[in-house]
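Quick notes on the structure that follows.
Here is how names work: the chains are called A, B, and so on, in the same order as the sequence lines, proteins then strands, and each is numbered from 1. Just so it is clear, the model here is predicted, and its values are computed rather than measured.
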Amino acid sequence: MLIPVLIGTTLIVYCIMDLTPGDPARMILAETKTSEENIEKMRESLGLNDPLLVRYVRYITNLLKGDWGISYKNRISVLAQIKEKLPNTMLLAFSGMVVAIIIGIPIGIIAAKKQYTLFDNVSMIGALIGTSAPAFWLGLLLVITFSLKLKWLPPAGMGQGFVMKLKSLILPALTIGTGTAAIITRMTRSSMLETMRQDYIDTARAKGIKESLVTTGHMLKNALIPIVTVVGLQFGSLLGGSVMTENVFSWPGLGRFVVESIKTKDVPCVLGSVVALCILFSIVNLCVDILYAFVDPRIKSQYKTSRRKHI
Amino acid sequence: MKTKKEILKVNNLKKFFNTPQGMLHAVDDISFTLSEGETLGVVGESGCGKSTMGRAILRLHEPDSGEVIYKGEDILKYSSKQMKKLRTEMQMIFQDPFSSLNPRMTVSQSILEPLLIQGIYKKEDKRSLRIKVKEIMNLVGLADRLVNTYPHELDGGRRQRIGIARALVLNPKLIICDEPVSALDVSIQAQVLNLMQDLQEQLGLTYIFITHDLSVVKHLSSDIVVMYLGQLVEKAPAEKLFANPLHPYTKALLSAIAVPDPDFKADRILLEGELTSPINPKPGCRFAKRCLYAKEECYGNNAGLVEVEKDHFVACCLIDGFINQEKGVKQKQ
Amino acid sequence: MSNNEFVNKGATKNSGEGRTLWEEIRRRFKKNKFAVVSMYFLIFLIALAIVTIVIDIVDNSNIYNNYVIKQNLKDKLREPEFGNPSMIFGCDEFGRSILFRMIWGTRYSLFIGLIAVTVSLITGGLIGSIAGYYGGKIDNTIMRFMDILLAIPYMLLAIAIVSALGPSLINLLISIAIPKIPSYARIVRASVMSIKDLEFIEAGKSAGASDIRTIFKYILPNAMAPVIVQATLGVADAIISISALSYLGLGVQPPLPEWGAMLSAAKTYIRDAWHITVIPGLGIMFTILALNIFGDGLRDALDPKLQH
Amino acid sequence: MKDLLLIKDLVIHFETDDGIVEAVNNITLGIKEGQTLGLVGETGAGKTTLAKGIMRLIHKPTGKIKDGEILYKDKDLLKLTEKEMREIRGKHISMIFQDPMTSLNPVMTVGEQIGEVIKAHNRISKKGIEKRTCEMLETVGIPSGRAIEYPHQFSGGMKQRVIIAIALACEPNLLIADEPTTALDVTIQAQVLEMMKSLKTEFNTSMLLITHDLGVVAQNCDFVAIIYAGEIVEYGELRDIFKNPKHPYTIGLFGSIPNLNDNVKRLKPIDGLMPDPMSLPKGCKFNDRCKFAMDICKEKNPEMVLLNNGHKVKCFLMQNNI
């Protein structure tokens with residue numbers, strides 16, 4: 001499943017970027033103010049005059065060979081820059097997901113078990129606000145309160161050394177995690193409520209086993225299946241969210257790098273970053289599929305059928 | 001006895017579905033004839049292909065091969081235009097009162113929809129439509145005031161009457177009923193069965209009545225056909241079939257009925273094992289694996305329907321053995 | 001021999017005769033107070049946006065020019081004062097009253113959001129219903145293509161499109177609408193597939209109904225419920241995306257008073273003037289909160305099986 | 001014969017925001033030791049609510065047990081704490097639910113689901129639980145090797161056997177079966193009912209068999225109770241009810257089922273519809289559909305009248321001609 005998706009995504013992005021106005025050769029030679037035919041020679045050397053598809057195929061073959069092209073702006077190899085920035089984005093995205101899971105799943109479960117109580121209403125209102133507040137605005141608010149007013153945490157950038165790095169990670173992780181936590185809370189609650197209505201819960205209770213066993217063994221195990229699907233899906237929007245969060249906190253990740261290179265029409269960088277992010281996203285989807293097989297025995301037994309049909 | 005005029009003849013009807021695990025033989029080489037004004041009961045357990053057969057005859061599921069002769073012509077060869085015209089002669093009543101009615105349409109809209117599709121009436125001529133609806137609703141025992149109600153406001157029994165009204169509005173000759181009363185409670189079931197019998201006498205309808213409930217089928221049908229895993233195993237008039245079932249599966253089926261009489265002690269023939277899968281079935285009799293009398297030759301050839309007595313057909317290669325054995329028993333008594 | 005001796009016997013359901021489906025839905029919707037309040041808030045916002053457009057046409061936007069655009073640096077970063085009406089929200093970095101800019105800014109978020117959702121809903125809906133109804137190979141190819149579009153994180157796709165086409169309003173609309181098409185296609189497809197096997201569709205076919213009539217007269221009206229709910233939540237998504245793009249400087253360009261753009265300008269003055277960051281953000285949040293609550297209320301009203 | 005379980009004036013209502021659903025309206029019913037009581041009624045008559053009431057599994061906020069007692073071995077189950085009730089469930093009284101397709105936990109192996117109830121009620125080693133689980137699987141006719149498989153790998157009939165194994169694992173005194181074979185095919189239904197009958201005698205359990213199928217009652221029950229709109233309208237021994245039913249509703253039920261032996265051409269159905277539990281008629285609940293309805297029926301709700309050998313009927317017709 002991975003290969004066609006990757007080819008598809010890179011082709012789409014390549015065509016979109018191709019529509020960008022402005023001539024790359026002119027940009028590279030902008031500072032040197034050389035004559036027209038030098039620019040023409042540069043266009044030839046970069047092979048810009050070939051038809052779109054030929055250029056795309058050449059780009060893909062280079063990509064597979066490890067040559068991800070050179071940035072128009074600073075002439076550094078795109079792959080090197082990605083290798084340096086991707087780990088930061090992954091760190092941010094994973095810490096955001098951890099925050100979301102730690103907050104989202106427990107609150108969702110308790111809210112479902114204690115339906116119609118104060119806890120349930122409060123957590124649902126909180127979840128609603130969490131989904132409604134734009135992530136980047138939330139980031140700004142956190143910066144104002146925790147960095148400027150209380151001065152506990154650095155407002156931006158990534159600190160050096162383990163402690164500083166951790167301290168500088170807290171606010172961005174919270175920003176990116178809150179929205180996802182809200183969605184996971186609501187999803188966990190509705191999935192738990194749905195499971196609580198099933199017949200096998202009555203069968204379990206009719207056995208006279210402890211309520212805690214009914215909750216863990218029967219409710220949680222079944223409610224987990226749709227939750228895993230949502231977590232997998234949410235990871236995609238988390239990567240998208242990293243673009244905004246990295247911009248607010250000027251976190252040296254791939255998301256910020258993509259926005260900068262798009263603004264400066266630096267096509268190879270954009271392409272490289274998008275490819276990297278899509279690979280990351282597809283790998284995560286693969287892991288979710290494998291996790292799926294552990295959670296739901298019905299999937300394990302007919303694994304040869306196409307990917308999960310549940311979404 | 002009025003001479004029976006043949007209205008429908010089905011020859012070697014086949015309908016397969018390809019599933020990821022292999023070819024599902026839902027309807028496998030089925031042939032029977034149906035005479036006008038009669039009710040043919042189609043009985044079988046779930047998964048034996050009886051619903052698929054009903055839909056295949058009306059080409060709701062396009063059959064793979066075979067012939068369906070109606071008024072001398074094979075309707076499987078009909079073009080879509082001819083097929084649309086034929087819809088006014090053959091209709092269907094469905095099982096689930098909750099999913100057989102469009103929740104967005106009122107009672108009158110649901111009943112009149114076939115007329116609008118066939119273009120018999122236009123949307124504009126409201127007056128004639130209103131008269132038609134009242135007439136049909138009265139026929140199936142629905143109160144006039146229900147004209148503008150929605151399905152979600154009505155109980156199962158009334159919804160089933162709307163389904164029947166919708167099937168009658170084009171005044172068809174033949175109606176295929178797919179388990180029309182299985183989803184209803186006992187008292188409502190009796191009301192709908194009586195209604196269907198009245199309509200048959202009033203309008204001279206011919207029914208193909210598909211059900212898994214043996215007591216309902218005995219009550220209503222003149223001829224009965226027993227299906228097992230896509231094949232016909234026995235066909236006979238209702239009294240004959242219940243009085244003297246010949247095919248081992250029919251015997252087991254009839255002995256399994258819970259008779260509502262405490263003193264009736266059935267000599268139970270309890271079938272072992274489960275229904276075998278209809279996917280990529282091996283040749284030979286499909287009941288052999290569960291049959292108590294199965295012999296080696298049963299796995300060999302696929303015995304077709306053989307007329308063993310007057311109008312009594314059985315598909316079992318050991319049938320002659322049974323009959324002689326039976327005759328022997330009768331002489332001894 | 002008419003059989004009406006069965007007629008008029010026994011009690012009908014107590015919910016009364018002739019209660020159409022829409023009355024039923026409205027009755028259930030009314031019970032959710034929050035949803036009703038957010039519905040009125042949304043109507044208020046839309047009215048506000050329309051009023052500002054009418055005012056601009058009537059007095060050929062002189063209020064717009066000297067209150068919303070004109071810069072008077074003496075009021076730079078003026079704190080909010082609750083006494084003076086136009087200064088309730090204070091002023092931004094060019095001394096322009098934030099209250100006026102917020103009011104004139106509603107049209108950008110709301111209308112672009114609504115149009116973007118309608119565009120992606122119609123295209124996605126069409127693709128989804130075709131894939132759902134015909135199934136088999138058509139369904140597979142369409143869904144594989146949708147999977148590819150979904151594999152690219154939504155925000156990246158939006159940014160790529162808008163930077164390729166340039167930051168005009170139309171391009172902003174396209175860049176938000178296109179990435180959302182797959183999710184609508186998927187919802188409509190799931191809804192169509194669940195309805196297409198119901199028996200009343202077969203009943204229609206057995207009366208001779210054509211494919212087109214089946215899709216548009218039987219399936220789509222019943223498939224609308226989940227789609228409408230998703231559309232309201234979709235407008236909320238679109239508004240967040242517009243303000244995010246404007247925040248990155250790729251969306252609505254200054255001096256137009258779009259809420260996201262106001263936030264983007266505010267981030268440089270974050271140290272000394274908190275109000276120019278907080279207030280536009282609150283505007284966005286309350287709009288989206290109202291849309292989410294309204295969407296939830298609609299889903300509970302439309303989804304009959306939720307009754308206890 | 002002593003009553004193993006005695007229900008006295010039980011009332012159960014569901015308070016929904018559309019109105020109050022009067023599911024069970026002061027039912028008095030006794031289940032005799034070692035006997036099978038058939039509870040017959042149509043959809044919405046309150047059969048399942050009564051069963052869940054006995055097990056105290058009524059879904060909270062909306063469901064409420066308003067009044068009445070359930071005496072089991074002279075203990076009122078409604079007064080027990082949740083912990084004490086848990087000891088009863090599965091050990092003394094166990095229950096089988098209607099749809100085998102949804103009554104088993106899809107993500108737990110069949111062996112675990114049987115072992116769970118054994119572990120909850122007796123302190124024995126893991127080995128002991130496994131042995132008992134395999135024993136139970138064999139008694140219900142499933143090869144014990146399949147204990148590690150998941151429910152989706154079993155057919156409808158096999159799933160119902162697993163559910164019966166779960167219910168009988170701790171040898172309860174009373175087994176409540178809520179329409180155990182309705183979702184199954186005729187031949188499978190016969191197999192399962194036959195097995196339940198033999199297990200009942202083997203473990204000497206008494207049984208409450210809930211069904212709408214009079215045939216299943218005739219072949220499996222010793223006593224019969226007819227329930228209509230949340231009330232028991234007739235109770236008696238199997239032959240009394242089948243041979244001379246007294247209550248108009250019971251007579252109507254027998255008239256509605258096509259009989260296999262004599263080929264009657266037209267059924268004699270009961271007119272009208274089931275009453276809506278949210279707006280039950282005044283007086284006798286059956287008065288609007290009853291052919292013999294008198295004025296008094298519309299005013300007052302009749303008392304249970306005792307005829308000969310325990311045959312009880314709730315109808316005014318019976319009152320004056322004893």
* **Flag for B/Asn148-B/Thr106: side-chain donor and acceptor within less than 3.5 Å** =>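 No - no donor-acceptor pair under 3.5 Å links their side chains.
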* To do: State whether a side-chain donor-acceptor pair under 3.5 Å links B/Asp223 with B/Ser221.
  =>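 Side-chain D/A pair, B/Asp223 to B/Ser221: absent.
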* Asked: Which atom pair, heavy atoms only, marks the closest approach of D/Phe242 to D/Leu214?
  ->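 For D/Phe242 versus D/Leu214, the nearest heavy atoms are CZ-O, 3.5 Å.
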* Shortest non-hydrogen contact from D/Thr182 toward D/His212 ->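 Answer, listing the atom of D/Thr182 first, then D/His212: CG2-CE1, 3.5 Å.
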* Using non-hydrogen atoms and a 4.5 Å limit, figure out which bit of B/Glu45 sits close to chain D: side chain, backbone, both or neither. =>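 Backbone plus side chain of B/Glu45, per the 4.5 Å heavy-atom cut-off to chain D.
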* To do: Check whether B/Leu193 gets within reach of chain D through its side chain, its backbone, both or neither, counting any heavy atom under 4.5 Å.
  =>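 The answer is the side chain of B/Leu193.
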* D/Val217 portion near chain B, given a 4.5 angstrom heavy-atom threshold ->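 Contact with chain B involves no heavy atom of D/Val217 at all.
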